[in-house]
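Heads up: the structure comes next, in structure tokens.
Every number for a ligand or one of its atoms is a count from 1 in the order of the listing.
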Amino acid sequence: MDKLIITAAICGAEVTKAQNPNVPYTVDEIVREAKSAVDAGAAIVHLHVREDDGTPTQSRDRFQQCTQAILKVCPDVILIPSTGGAVGMTPDERLQSTDTTPVPEMATLDCGTCNFGDEIFDNTMPTMRAFGKRMLERGIKPEYECFEMGHLDTILTMARKGQVPGAPMQFNFVLGVPGCTPATVDNLCWLVNKIPVGSTWTVTGVGRNAFPMAAAAIAMGGNVRVGFEDNLYLSKGVLAQSNGELVAKVVRLAKELGRGIASSAEAREILGLKPRK
Ligand code: KMH
Ligand code: ZN
């Protein structure tokens, strides 16, 4: 079994300091959280950015500022900027995160429209084709975010048609978003059994599903995403003090189950990315 790749989704677009005061908004806070996650064992940081007051933004300049600041203190980390942004943003607004210099190695590509709590997260076919075209043109490896079972078939069909980058594909199964596919081992197995041979996958369990899904992925040979974007609690009723605390809990689970933790360089190799010079 490959070593475990841990992704830290340090910020998200929806969670607030009112829910957990450690949610980062400013550039300094985002750097602090990225470093805590990497120091604890994360190979990848999935990045959203905010204005200083916490408003989610996809501003190219803010992504540029945050990515440069993170890479200064975590020079090896793999960054996966969000192209999902926040519900209600336009496709052009969302794509700005792929405009940074240097071009990101990876970016998320959301694989279909879905309910998102009380809202609708809009990912029409034309939007997904535009995002796929951008990533093909710029050599960005997508992380395919599947919130619903049907999203997997959608993106596999698009890959077969050459509309989005193909093999080796990296999937992130985001399970337990209210209104979307529930976080069960059964659903995870169904998804994993349908991905092409040679693909890699990660699971994100939302809310209380974070650590049960992490344990399942560790045992199944998949990878794990945790972080404030998905879950604010270290255990029932105990707010996490940092993203690093959430990553450290996954590291403990993996160690108990005998699975090694991938460095960023090892993760690049597993994901088929070019080594960083
Ligand atoms: N904020 C969610 C509506 C992504 O990063 O690509 C979408 C999201 C997905 O977080
Ligand atoms: Zn995200």
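In this structure, the side chain of Lys141 does not engage the main chain of Gly272 through any donor-acceptor pair within 3.5 Å.
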**Report entry** Audit row: Glu29, Arg50, salt bridge (Lys or Arg N to Asp or Glu O under 4.0 Å) steps and yes/no
**Finding:** CA-CA 10 Å; Glu29 289 168 349; Arg50 309 285 187 106; over 6 Å; no
Query - Check against salt bridge (Lys or Arg N to Asp or Glu O under 4.0 Å), Arg252 and Glu256 - result: CA-CA 6 Å; Arg252 288 198 297 278; Glu256 285 295 328; over 6 Å; no
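Proximity of Glu33 to Ile70: side-chain heavy atoms (C-beta onward) are nowhere separated by under 4.5 Å.
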List below, pair by pair, the N or O atoms of ligand 1 and of the protein that are less than 3.5 Å apart, including the distance to 0.1 Å; reply 'none' if no pair qualifies.
{"from": "ligand 1", "atom 1": "1 (N)", "to": "Glu14", "atom 2": "OE1", "distance (Å)": "3.3"}
{"from": "ligand 1", "atom 1": "1 (N)", "to": "Glu14", "atom 2": "OE2", "distance (Å)": "2.8"}
{"from": "ligand 1", "atom 1": "1 (N)", "to": "Gly85", "atom 2": "O", "distance (Å)": "2.8"}
{"from": "ligand 1", "atom 1": "5 (O)", "to": "His46", "atom 2": "NE2", "distance (Å)": "3.1"}
{"from": "ligand 1", "atom 1": "5 (O)", "to": "His48", "atom 2": "NE2", "distance (Å)": "3.1"}
{"from": "ligand 1", "atom 1": "5 (O)", "to": "Ser82", "atom 2": "OG", "distance (Å)": "2.7"}
{"from": "ligand 1", "atom 1": "6 (O)", "to": "Gly84", "atom 2": "N", "distance (Å)": "3.3"}
{"from": "ligand 1", "atom 1": "6 (O)", "to": "Thr108", "atom 2": "OG1", "distance (Å)": "2.7"}
{"from": "ligand 1", "atom 1": "6 (O)", "to": "Asp110", "atom 2": "OD1", "distance (Å)": "3.1"}
{"from": "ligand 1", "atom 1": "6 (O)", "to": "Asp110", "atom 2": "OD2", "distance (Å)": "2.7"}
{"from": "ligand 1", "atom 1": "10 (O)", "to": "His48", "atom 2": "NE2", "distance (Å)": "3.2"}
{"from": "ligand 1", "atom 1": "10 (O)", "to": "Glu229", "atom 2": "OE2", "distance (Å)": "2.9"}

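Hydrophobic clustering keeps Ile80 apart from Leu109 (ILVMFWY residues linked when any side-chain heavy atoms are closer than 4.5 Å, directly or through intermediates).
Taking distances strictly below 2.8 Å, the protein N/O/S atoms close to the Zn ion (ligand 2) are His46 NE2, His48 NE2, Glu229 OE2.
With sequence neighbours excluded, the residues forming a side-chain contact (heavy atoms from CB on, under 4.5 Å) with Ala265 are Ser263, listed by chain and number. Checked against side-chain contact (heavy atoms from CB on, under 4.5 Å), Glu269 has no partners two or more places apart in sequence or in another chain.
The aromatic rings of Phe121 and Phe147 stand perpendicular to each other, their planes meeting at an angle above 60°, with 30° marking the opposite boundary.
Of the inter-residue distances, the one linking Phe173 atom CZ with Ile195 atom CD1 reads 5.0 Å to the nearest 0.5 angstrom.
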